[in-house]
*Asks:* 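Input: one structure, supplied below.
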Amino acid sequence: MSNYDRIYTTVRQIPWGKVATYGQIADFSGLYGKARLVGYALFRVQIEDDIPWHRVINAQGEISYSLQRQGGDYLQKVLLEEEGIEFNKSGKIDLNKYRWQPNFNFLSSNLD
DNA sequence: TGCGTGACTCGAA
DNA sequence: CTTCGAGCCACGC
């Protein structure tokens, strides 16, 4: 199983209405300290891949904007708002309120 | 085979 | 608050 496969598997566990940071995904995928890989992996995700990529945001509680995303970053904000997630004046999400907390069963099976 | 290119994070100054 | 360095994968040409 490649690192990217592990990342995708973890991202698919994020429930509706919750978000996770790149660092969290890396940690839960057995890739501690490699948050950057998560960004690299999500860059390659396609709509038909059935991966809730929009639920992954950066550690500051913001969407990572980039010219390379061709508007996909804006779509991310729309999708999150459709799940009831709120953005404050600075465009930030309250991680204390929306951060995903994976359960023990998932972690132990995913980090085997 | 080598090189360029990407959705990151954290601590230190 | 801002900037900087280090960490260091996968893919296409």
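Convention: sequence-line order gives letters A, B, ...; per-chain numbering from 1. Just so you know, these numbers come straight off a predicted model, no measurement behind them.
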*Asks:* Between B:dT9 atom P and A:I63 atom CD1, what is the distance in whole Å?
*Replies:*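 Value for this atom pair: 13 Å.
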*Asks:* On the side chain of A:R36, is there an atom forming a donor-acceptor pair with the base of B:dA7 - under 3.5 Å, no angle test?
*Replies:*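 Not at all, since no donor on one side and acceptor on the other fall under 3.5 Å apart.
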*Asks:* Parallel, tilted or perpendicular: which fits the ring planes of A:F106 and A:W100, with parallel below 30° and perpendicular above 60°?
*Replies:*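 It falls in the tilted class, 30° to 60°.
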*Asks:* Checking contacts here: which listed nucleotide (C:dC8, C:dA10, B:dA7) is nearest the side-chain heavy atoms of A:K34?
*Replies:*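 Among C:dC8, C:dA10, B:dA7, the one nearest the side chain of A:K34 is C:dC8.
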*Asks:* Quick check for you: among B:dC8, C:dA10, B:dA7, whose closest atom lies nearest to any side-chain atom of A:N58?
*Replies:*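 Of all the options, the side chain of A:N58 is nearest to B:dC8.
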*Asks:* Less than 4.5 Å apart, any side-chain heavy atom of A:E81 and any of A:E83?
*Replies:*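 Of all side-chain heavy-atom pairs linking A:E83 with A:E81, none is under 4.5 Å.
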*Asks:* Nearest-nucleotide wise, let me know which of A:Y40 and A:Q24 is further upstream toward the 5' end of DNA chain B.
*Replies:*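 Closest to the 5' end, via its nearest nucleotide, is A:Y40.
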*Asks:* Mind checking whether A:E62 and A:F87 have side chains closer than 4.5 Å, heavy atoms only?
*Replies:*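 No, side chains not in contact.
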*Asks:* Is the base of B:dA7 stacked against the aromatic ring of A:F43, taking ring centres under 5.5 Å apart and planes under 30° as the test?
*Replies:*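 Taking the rule of under 5.5 Å and under 30°, the ring of A:F43 does not stack on B:dA7.
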*Asks:* Taking only the side-chain nitrogens and oxygens of A:N3, find out if one of them lies under 4.0 Å from OP1 or OP2 of C:dA10.
*Replies:*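 Yes, such a contact exists.
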*Asks:* Kindly point out which of C:dC9, C:dA10, B:dT9 is positioned nearest to the side chain of A:A35?
*Replies:*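 It is B:dT9.
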*Asks:* Which is more 5' along DNA chain C, the nucleotide nearest A:G33 or the one nearest A:R44? Just name the residue.
*Replies:*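 By nearest-heavy-atom nucleotide position, the 5'-most residue is A:G33.
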*Asks:* How close or far is atom P of C:dC1 from atom CD of A:E62, stated in whole angstroms?
*Replies:*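 Taking atom P of C:dC1 as the reference, CD of A:E62 is at 10 Å.
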*Asks:* Any luck finding a side-chain donor-acceptor pair between A:R36 and A:Y40 under 3.5 Å?
*Replies:*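 Yes, a side-chain donor-acceptor pair sits under 3.5 Å.
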